[in-house]
Amino acid sequence: MFEDLQQPKNCDIFCTVVDNFGDAGVCWRLARQLASEYGWRVRLWIDDTAPLLRMAPDHAAGPVEVRLWPKMWPNPWLAEDTADVVIEAFACEPPAPYVEAMATRARSPVWLNLEYLSAESWVAGCHGLSSPHPRLPLVKHFFFPGFDPGTGGLLRERDYEARREAFDESAFRAEFGLPQKAPDETTISLFSYPNPPLPDLLRAWAASPRPIRLLQPGSGETARIEGNLTVHPLPFLPQPRYDELLWACDLNFVRGEDSFVRAQWAAKPFVWHIYPQTDEAHQAKLDAFLSIHPAGPQLKAFWQAWNGAGTPDWPEFAATLPGLKAPMQQWAKTLAARPDLANRLVQFCLERL
Ligand code: TRH
């Protein structure tokens, strides 16, 4: 199952949980893939295991070794050993004593800073750039996920398609107490940040001529029926099961980075609530993605409105939903034909080890 010509490597991934689930979610997904698909011995050093416990309640069962990264100051890190490959997620910087120990290895480790995902055009130009350490004989490389073939790509497990083919939508609905789907029902999943347009959207859904079933994972919402809208809370699902939810829906509202990528693999129409940044940097990221995505103008208008520019026009958007299936499938197919992020990362490291 391991790639040809490839010796298993040791890898340390460092993750600081800034907020929410994305930092842990991305690191966990990558760690699992490196361990299970490439046979790497992976340790995930994380400063807060709470999000991991929700996304991967069975994480202790292996094959990734999860270690709590104590973040007190002065840093109490007692460097035991270092790894062949060191990945710091989102510029979180490994502990200073660990970095010192990296420099004492006979062969320098490959040190990567795994960056945030963006569709902006500068990303391909910065992917892979190196930054020598000012004092130690170490070089850090910037590894940028992205949509362009010249970037680090997107996380996607090898078994994704097989899992999807084996997915039983009826069994999924039954398990979560959802009635079998009526032919005219629109099933929608909602995972977003608190968003001012939501109450208006809920009203539009309640007034919809066709039934709408809203599935809200981990929301703490109460089940209720308002007009033609049925709100159905779901538990926060383990990461692979979140994919199942996306497959079971006709439309997915996603956010941040990792759920945004999963919605693209699900190849269903989706609406992205981008992670808001104080300096409005997110607007450029949103525009950049919309400029490369083949969705029509109605989807783009709805997305902009969902992200603060205007009022989301549900009836207009709903009318375009059936026509969005094909472009979403084509988009997923194009992206899936390219090597995934773990694959590119492994190649990148092997060329430098
Ligand atoms: O939770 P997010 O908003 O996370 C992040 C962080 O805020 C981070 O600081 C920021 O930089 C980044 O976004 C862009 O959204 P995201 O990235 O979609 O992560 C959610 C994770 O939770 C993802 O791995 C999917 C997972 N998930 C489940 O496993 N089960 C669930 O039921 C749900 C709703 C999500």
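Order of appearance sets the numbers: ligands from 1, and atoms from 1 within every ligand. Values below: all heavy atoms of this structure, side chains included; hydrogens, waters and symmetry mates excluded.
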Discussion item. Below the 3.5 angstrom mark, is there an N/O of Phe236, backbone or side chain, next to an N/O of ligand 1?
Written reply: no

Worksheet item: Are any of the N or O atoms of Gly22 closer than 3.5 Å to those of ligand 1?
Response: yes

Worksheet item: Is the Lys NZ or Arg CZ of Arg213 less than 6.0 Å from the centre of Phe176's six-membered ring, within 45° of the axis?
Response: no

Worksheet, complete the sentence: re atom 26 (C) of ligand 1, the protein heavy-atom contact at minimum distance is Met55 SD, 3.8 Å

Worksheet item: Are Arg352 and Phe348 in a cation-pi contact, defined as NZ or CZ under 6.0 Å from the six-membered ring centre and within 45° of the axis?
Response: yes

Worksheet item: If you measure from atom 8 (C) of ligand 1 to every heavy atom of Val18, Asn20, Asp19, which option wins on shortest distance?
Response: Asp19

Practice prompt. With heavy atoms of Pro217 as the reference, note each atom of ligand 1 found under 4.0 Å away.
Written response: 32 (O), 34 (C)

Practice prompt. Establish, yes or no, whether a centroid distance under 6.0 Å links the rings of Phe253 and Phe270.
Written response: no

Worksheet item: Does the ring center of Trp247 lie less than 6.0 Å from the ring center of Tyr160?
Response: yes

Practice prompt. Taking the six-membered ring of Trp265 (Phe, Tyr or Trp), confirm whether the NZ or CZ of Arg156 is under 6.0 Å from its centre and within 45° of its axis.
Written response: yes

Fill in: Counterpart residues, side-chain contact (heavy atoms from CB on, under 4.5 Å), relative to Ala281 (two or more places apart)
Gln277, Asp279

Fill in: Nitrogen or oxygen of Phe21 less than 3.5 angstrom from that of ligand 1
yes

Fill in: ligand 1 contacted by Trp28 (non-hydrogen, < 4.0 Å)
no

Worksheet item: Cut-off 3.5 Å, side chains only: do Glu88 and Trp111 have a donor facing an acceptor?
Response: yes

Item to complete: For atom 18 (O) of ligand 1, grab the closest protein heavy atom and report residue, atom and distance to one decimal in Å.
Response: Ser259 OG, 2.6 Å

Discussion item. As an exercise, state the distance from CG of Leu154 to CZ of Arg338, rounded to the nearest 0.5 Å.
Written reply: 9.0 Å

Worksheet item: Under 4.0 Å from any heavy atom of Gly256, which atoms of ligand 1 are there?
Response: 13 (O), 14 (C), 15 (O), 17 (O)

Worksheet item: Where is the nearest protein heavy atom to atom 11 (O) of ligand 1: which residue, which atom, and how far?
Response: Tyr116 CE2, 3.1 Å

Response to the item:
among protein heavy atoms, the one nearest atom 3 (O) of ligand 1 is Tyr193 OH, 2.5 Å

Worksheet item: Are Phe236 and Phe21 close enough that their ring centers fall under 6.0 Å?
Response: yes

Discussion item. Please report whether the ring centroid of His127 lies less than 6.0 Å from that of Phe142.
Written reply: no

Item to complete: Would you check if the distance from the ring center of Phe144 to the ring center of Tyr116 is below 6.0 Å?
Response: no

Discussion item. Among all protein heavy atoms in this structure, tell me which lies nearest to atom 32 (O) of ligand 1, with the distance rounded to 0.1 Å.
Written reply: Leu237 N, 2.8 Å

Worksheet item: At a 4.0 Å cut-off, with the gap strictly under it, does some heavy atom of Phe90 reach an atom of ligand 1?
Response: no

Fill in: atom 2 (P) of ligand 1 - nearest protein heavy atom and its distance
Arg255 NE, 3.4 Å

Response to the item:
Per-atom filter on ligand 1: closer than 4.0 angstrom to a heavy atom of Asp23 are 8 (C), 9 (O)

Practice prompt. Just jot down the ligand 1 atoms closer than 4.0 angstrom to any heavy atom of Gly25, in number order.
Written response: 24 (O)

Item to complete: Pick whichever of Arg54, Glu257, His282 has a heavy atom sitting closest to atom 14 (C) of ligand 1.
Response: Glu257

Worksheet item: Would you say Asp258 has any N or O atom under 3.5 Å from an N or O of ligand 1, going by distance alone?
Response: yes

